[in-house]
2 protein chains.
Amino acid sequence: MVTLAEVARHAGVSASTVSYVLSGKRTISAPTRERVERSIRELGYHPNAGARALASSRSDIIALMMPLRTDMYVPVMMEIAMAVATTARAHGRDVLLLTDQEGPEAVRRVIGSGLADAMILMDVELEDERLPLVHEAPRPAVLIGLPADTEGLTCVDLDFAATGRLCVDHLAALGHRELAVIGEAPAVYERHTGFAERTITGVRERAAELGLRVLHRPCEGSFESVAGALARIFDERPATTGIVVQNESAVGPLLSLLRQQGKAVPEDISVVAICPDQVATQTSVALTSVAIPAHEMGRRAVELVMAKLGASAGTGTGAGTGTGAGTGTGAGGRVAAPPRETVVRLLAPRLTTRASTGQAPRLVP
Amino acid sequence: MVTLAEVARHAGVSASTVSYVLSGKRTISAPTRERVERSIRELGYHPNAGARALASSRSDIIALMMPLRTDMYVPVMMEIAMAVATTARAHGRDVLLLTDQEGPEAVRRVIGSGLADAMILMDVELEDERLPLVHEAPRPAVLIGLPADTEGLTCVDLDFAATGRLCVDHLAALGHRELAVIGEAPAVYERHTGFAERTITGVRERAAELGLRVLHRPCEGSFESVAGALARIFDERPATTGIVVQNESAVGPLLSLLRQQGKAVPEDISVVAICPDQVATQTSVALTSVAIPAHEMGRRAVELVMAKLGASAGTGTGAGTGTGAGTGTGAGGRVAAPPRETVVRLLAPRLTTRASTGQAPRLVP
DNA sequence: TAGATGTATCGAAGCGCTTCGATGGAGCTT
DNA sequence: AAGCTCCATCGAAGCGCTTCGATACATCTA
């Protein structure tokens, strides 16, 4: 392996000069810089990551902690991860993939060892057990999802309450008065992930404002489960004409079942789904939907991390250090952790109208 | 941050002693070890990753290069990634997440900088452009998927040819004589990912042996696309009674369409899918299927990496390295890059019989 | 008992990089 | 011409760890 010293010798300069060419932290004359750059190229030099990390106490690595579970929103998780990875690279950072399998301790291990400079936590629960560690960690963290108490935290998420309201608005505008929500699997509610509740809250809230009725039924993704939920809905509220589907794996079965039961979409029943566009467009009737902006969530998370690191990127965009809340190294002993800024970035939902929603039918009650 | 030196002082021993306690590379007397371990715990010490990497020239990181594309097998990719992450941790390693966005250069960067000790490449194409770099890299790599030329490489994959044969065997045993394959999207074939072709080859091969007829139609995952493929199939071969679906996102539409067309599954048409069990069991008719053993692929990949690193694991299970279809190590001179062993580990497919396949109907031709 | 053998620990030399404070000229000013 | 200020570069001191000989002592052997 080629070392910096060898590059220096080859270029006829000192090691520190090569280092400064690499980092740009001091001005180097054009001729010297070019000579060094040529040597780097000719020798095929790659700075040693460990040495760099040791000397600078920065690893240029961002840890991403993903849920191990794959019962929900797999494509969304995947897209977030990919967005994080590519955005991080655009800022000259790499991504370390962690799972929650290891438990909250992983946070301490990765930050404590200096393996990563910052963390991004996915699938945050209302009372997430990683939060205490995030609070005490000497490195920045960004959450994807909202915990119950966001004080001192930085979070990104889709505004699920607004999403719920948006779905209701859309159906209400089309004249629907009786709505049903096919929700997530009961397990999701039990886990207190928050987003499912927030969606329902948004739906109920707006429905109440507009004087609509709403029936909410949790539902697994399986065909039988959707069949059951649907049966219960029409049993209890035969006049239902608008359905909001939150569980993306329920959309396929739902459409099949409606067709089976002789209910036309959108003529008899309108359907709005909360799901990736890919799912919405691949069904027999293209679905009016609100997409979860997975890519943007991942990208934003990284950008918030970069801002907190006060960094300026490698190949990335220049500039832009959003100031965080104070530094403050105390004099003598252990100083209390400096109070941190609270940042909650909720992304506005966008509804795309497709074939599955239309005017509410005249009902003959 | 607590350093090794502080731990040493706290425990009243030298730094090297602490290091040996940590690594176990030299015997340390029980009392000393316990004292050191207590100090480590009390001080909350975490070895600095950078320093460790620099001194030992091992980062204990495995790089995983994933496809950025999300048009195919997303759940499978995700499951592989998760299996890699958890298995790696069980061996005391972390995982660096790379995408192919950065191009083949990423291999050189990550290996050249010593950021990772080894690589796992997913979604390997027949003539993958990363292969030259893998060959010249001074660190081990494991491929998930088979390139055209596996000489000197280590690969893991599902035996797709056997998968194709297995599907045919199953349908043939039930008396079906005319089969159709709903394949992957044309783009997948154009990309030369290999597995799709290998499946078809297996299907054709066994069909020929058993005297069955097979029609293969590539197909996107959308409803229209499946409808088109299906129409062309029944148009050309009205006597088709057995369908093999390789494109997992086609299964939902396929079942809807068949029902719509008054063809009962399995009474009129038997369907075998190549898809995750989760997909197979969530459909209206539970599907007989061959699952892609994503978890095992990820696990195996890591185990092969560990074997190549000549390591012995951290918290991991012991477990054996089954013998591969290895070819020999050449006995050449030590001058050029030492010839590497070829290991191709093909996992045997397993077919699970569910509701979607049954006796071939008597046809009235 | 001198020597050989083994065990538990220590000391010191790096690993390859960053970074801070020189250093030596060139170009100004007065 | 002496004194300044800049600019470009160099030297050296670590960063926190691993690892390779010592070293010191205890135990065994002949």
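Side chains are part of it too, since the values below use all heavy atoms of this structure and drop only hydrogens, waters and symmetry mates. Just so we're on the same page: letters track the sequence lines, and every chain starts at 1.
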How many whole angstroms separate atom [atom1] of [X] from atom [atom2] of [N]?
{"X": "H46(A)", "N": "dG16(C)", "atom1": "NE2", "atom2": "P", "answer": "16 Å"}
{"X": "R26(B)", "N": "dT19(D)", "atom1": "CZ", "atom2": "C1'", "answer": "7 Å"}
{"X": "K25(B)", "N": "dC20(D)", "atom1": "NZ", "atom2": "P", "answer": "8 Å"}
{"X": "Y45(B)", "N": "dG16(D)", "atom1": "OH", "atom2": "C1'", "answer": "7 Å"}
{"X": "L4(B)", "N": "dC10(C)", "atom1": "CG", "atom2": "P", "answer": "12 Å"}
{"X": "L22(A)", "N": "dG16(C)", "atom1": "CG", "atom2": "P", "answer": "16 Å"}
{"X": "R35(B)", "N": "dA8(C)", "atom1": "CZ", "atom2": "P", "answer": "14 Å"}
{"X": "R58(B)", "N": "dG16(C)", "atom1": "CZ", "atom2": "C1'", "answer": "18 Å"}

Touch class at under 4.0 angstrom, heavy-atom based, for [X] against every strand present:
{"X": "T3(B)", "result": "sugar-phosphate"}
{"X": "S19(A)", "result": "base"}
{"X": "L54(A)", "result": "base"}

If you look at every heavy atom in [X] and [Y], which pair is closest and at what distance?
{"X": "I111(B)", "Y": "A116(B)", "value": "CD1-O, 4.0 Å"}
{"X": "A294(A)", "Y": "I80(A)", "value": "O-CG1, 3.5 Å"}
{"X": "L43(B)", "Y": "V2(B)", "value": "O-CG2, 3.3 Å"}

Item checked: Side-chain touch R33(B)/T17(B), heavy atoms, less than 4.5 angstrom -> no

Is [X] near enough to [N] that one of its side-chain N or O atoms lies under 4.0 angstrom from OP1 or OP2?
{"X": "S57(B)", "N": "dT18(D)", "answer": "no"}
{"X": "T27(A)", "N": "dA8(D)", "answer": "yes"}
{"X": "S14(B)", "N": "dG11(C)", "answer": "no"}
{"X": "Y20(A)", "N": "dG11(D)", "answer": "no"}
{"X": "S56(A)", "N": "dC17(C)", "answer": "no"}

Which of the following nucleotides, [options], is nearest to the side chain of [X]?
{"X": "A51(A)", "options": "dA8(C), dC17(D), dG16(C)", "value": "dG16(C)"}
{"X": "A55(A)", "options": "dG14(D), dC17(D), dC10(C)", "value": "dG14(D)"}
{"X": "N48(B)", "options": "dA8(C), dT9(D), dC17(D)", "value": "dC17(D)"}

Note to self: Is it the case that the base of dG11(D) and the side chain of S16(A) share a donor-acceptor contact (distance under 3.5 Å, atom types as modelled)?
What the structure shows: yes

Check: Starting at the 5' end of DNA chain C, which residue's closest nucleotide do you reach first, T17(B) or S23(A)?
Finding: T17(B)

Notebook entry, point to check: Is there a donor-acceptor pair under 3.5 Å between the side chain of D117(A) and the backbone N or O of D60(A)?
Noted result: yes

Margin query: If you count every heavy atom of other residues, nucleotides or ligands that lies below 6.0 Å from E127(B) atom CD, does the total exceed 12?
Written below: no

